[in-house]
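One structure is given here, and the rest of the page talks about it.
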Amino acid sequence: MFRNIHEVMMNHNPVVIIGSGLAGYMLAKEFRRLDKESPLQIITATDGAFYSKPLLSTALSMKRDVTGLTTATAEAMSKQLNVVIRTRTRVTRIDVENQYIQFPDEILPYSKLILATGSEVIKPSLLGDAVNEILSVNDLEDYARFREMFASKKHVAILGAGLVGCEFANDLANVGHRVDIIDPSYYPLQRLLPKPLGRILQHAFAENNVVWHLGSLASQVDKKNDQYELVLSQQQILKVDVVMSAIGLRPHIELAQKAGIKVNYGILVDRYLQTSARNIYALGDCAEVNGLVLFFVAPLLNCAQALAKTLTGSSTQVVYPAMPVVLKTPLCPIVVAPPPPNVVGDWQVSGTNNDLKALYYDRQQNLCGFSLTGKMVSEKTKLVQELPALLK
Ligand SMILES: Cc1cc2nc3c(=O)[nH]c(=O)nc-3n(C[C@H](O)[C@H](O)[C@H](O)COP(=O)(O)OP(=O)(O)OC[C@H]3O[C@@H](n4cnc5c(N)ncnc54)[C@H](O)[C@@H]3O)c2cc1C
């Protein structure tokens, strides 16, 4: 039942999704499976091309340019999903009280609003005159610049030996580039793997033209002639053609924050993906779901399915099963299912040579996570069944 005439009017307004990344589009797809007719709009700052973001870090090896990565244009998605898509439109304000969003010179009322605003790259805080020329790749436009750059350049420095940094290093090494990786950790993928498994990846990369600068920080970058000079710890100077940063992502929360919606690291939502504001939901990289911010595809797919049901009348809590991630590092096959952030425990490592299995047990000896290298990755399916759900 509607409470008043205002609410009746509101209900005739479209469901509006902000963002055309995987979260926005997967939600639109799930919504349309359940509701073919209700008005649905997507507002996006980009050109609205549908693509799989994880492919960005393997695209050089696959010889794919932006067109090759694009699965469908905004126009095609609009037809396929029966949704109005406004491209190159950045939402600047949300009026939570009167239920409308604002672009610079227009407003759009909504019945329900979904924030799928994704994440942004964390910029490294370096000194020097070339800080603004450091590349990072988090969308198709970044990838276009990145690809163009590597048409003529050969030697790249990557800041960050996490998942994204290691995947790009593998891709670049694969197509013949010299790669130097700089990271303050003492072994790669330190947040995901115990040391013996990290070392396997380190050695595999080193044998393929990758030079490691571990336990080292870049403090300055300057342009000298046609190259960049990076100052590393102990005043070591590294000269390269391109500097790339992969030091991490942070959820896009400013729009929500300015509207008075509760945020922490991400936009705070409950198991129904509901924010602190009436009729406003969030999913994908921007959302902190029950305390979890997960920059992966599997969680957002689970959220899209649950939220589509909620939006079409059947309130549904999101469930997160165990969600292992297969790293795109063919030089060293790795699968990880990281333990939940709040769990305290230890890794137990077994195996030989490059084929290692690490199991993470909490203090009560419950299996909470795993990581596998080499031939051990074949144990993924069995181990996933033994892991508890992240959100039951
Ligand atoms: C290189 C790389 C490799 C990856 N590999 C894997 C992998 O192997 N496996 C895996 O599971 N995950 C991987 N990920 C993570 C995964 O790709 C992301 O978790 C997922 O794509 C996030 O989707 P999203 O829609 O939440 O965010 P995004 O793709 O960031 O989309 C956000 C959208 O919001 C729009 N937007 C933001 N603010 C506004 C505004 N104010 N107004 C209008 N529009 C706005 C943006 O334009 C964009 O369209 C990878 C990520 C990267 C960068």
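For ligands, and for the atoms within them, numbers begin at 1 and follow the listed sequence.
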If you measure every N/O of Val326 against every N/O of ligand 1, is any gap under 3.5 Å? no
Distance (rounded to the nearest 0.5 Å) between Ile280 CD1 and Ile261 CD1: 4.0 Å
Salt-bridge present (Lys239, Asp180; N to O < 4.0 Å): no
Does a donor on one side chain and an acceptor on the other come within less than 3.5 Å for Thr44 and Thr46? yes
Polar contact flag, side-chain donor to acceptor under 3.5 angstrom, Arg250-Tyr265: no
Quick one: nearest non-hydrogen protein atom to atom 46 (C) of ligand 1, plus distance? Thr46 CG2, 4.3 Å
Which of the numbered atoms in ligand 1 are below 4.0 angstrom from a heavy atom of Gly284? 26 (O)
Name the option, out of Phe103, Phe295, Tyr51, that contains the heavy atom nearest to atom 15 (C) of ligand 1. Phe295
Within a distance under 4.0 Å of any heavy atom of Ser57, pick out the atoms of ligand 1 and give their elements. 1 (C), 3 (C)
If you measure from the Lys or Arg side-chain nitrogens to the Asp or Glu carboxylate oxygens, is any gap between Arg145 and Glu148 under 4.0 Å? no
May I ask you to identify the nearest protein heavy atom to atom 42 (N) of ligand 1, giving residue, atom name and distance to one decimal place in Å? Val91 N, 2.9 Å
Using a strict 4.0 Å cut-off to heavy atoms of Ser119, name the atoms of ligand 1 that fall inside it. 30 (O)
Report, in ascending order of atom number, the atoms of ligand 1 lying under 4.0 Å from any heavy atom of Leu300. 20 (C), 22 (C), 23 (O)
Among protein heavy atoms, which lies nearest atom 31 (O) of ligand 1, and at what distance? Gly21 CA, 3.5 Å
Between the side chains of Asn279 and Gln99, does any donor sit under 3.5 Å from an acceptor? yes
Check this for me - ligand 1, Leu255, N or O atoms closer than 3.5 angstrom, yes or no? no
Are more than 12 heavy atoms from other residues, nucleotides or ligands located less than 6.0 Å from atom NZ of Lys154? yes
Which of the atoms of ligand 1 are close to Asn138, meaning less than 4.0 Å from one of its heavy atoms? 53 (C)
From Glu141, Lys53, Glu254, Lys328 - option closest to atom 5 (N) of ligand 1 by heavy atom: Lys328
Protein contact of atom 39 (C) of ligand 1 - nearest heavy atom, named by residue and atom, plus distance: Arg90 NH1, 3.8 Å
With a cut-off of 4.0 Å, which atoms of ligand 1 are near a heavy atom of Ala23? 24 (P), 25 (O), 26 (O)
Per-atom filter on ligand 1: closer than 4.0 angstrom to a heavy atom of Gly19 are 33 (C), 34 (O), 35 (C)
Measure the spacing between OG1 of Thr67 and CG of Asp65 and express it to the nearest 0.5 Å. 4.5 Å
Non-hydrogen atoms of Phe168 versus ligand 1: any pair closer than 4.0 Å? yes
Option passing side-chain contact (heavy atoms from CB on, under 4.5 Å) with Val242 (candidates Val156, Leu172, Ile158): Val156
Ligand 1 contacted by Thr89 (non-hydrogen, < 4.0 Å): yes
Which option, Ala45, Ser52, Ala116, owns the non-hydrogen atom nearest atom 32 (C) of ligand 1? Ala116
When rounded to the nearest 0.5 Å, the distance separating CD1 of Ile17 from OH of Tyr25 is 9.5 Å
Please report which non-hydrogen protein atom sits nearest to atom 4 (C) of ligand 1, along with the residue it belongs to and the distance in Å to one decimal place. Pro54 CA, 3.6 Å
Is the shortest heavy-atom distance from the side chain of Leu189 to the side chain of Cys166 under 4.5 Å? yes
How long is the gap from OG on Ser61 to CG on Asn170, to the nearest 0.5 Å? 7.0 Å
Atom pair OH (Tyr187) and CH2 (Trp212), whose distance is rounded to the nearest 0.5 Å: 12.5 Å
Which of Val179, Ile134, Val137 passes side-chain contact (heavy atoms from CB on, under 4.5 Å) with Met244? Answer is Val137
In this structure, atom 37 (C) of ligand 1 is nearest to the protein heavy atom Thr117 O, 3.3 Å
Does any N or O atom in Val297 lie less than 3.5 angstrom from one in ligand 1, N or O only? yes
Would you tell me which option among Ser20, Ala282, Gly118 has the nearest heavy-atom contact to atom 48 (C) of ligand 1? Ser20
Checking contacts here: is it the side chain or the backbone of Ile18 that comes within 4.0 Å of ligand 1, counting heavy atoms only? Could be both or neither. side chain
Does the pair Lys53/Glu167 count as a salt bridge with the N-to-O cut at 4.0 Å? no
Return a yes/no value for Asp285: is any of its N or O atoms, backbone included, closer than 3.5 angstrom to an N or O of ligand 1? yes
For ligand 1, which atoms, with element, lie under 4.0 Å from some heavy atom of Thr44? 43 (C), 44 (N), 47 (O), 49 (O)
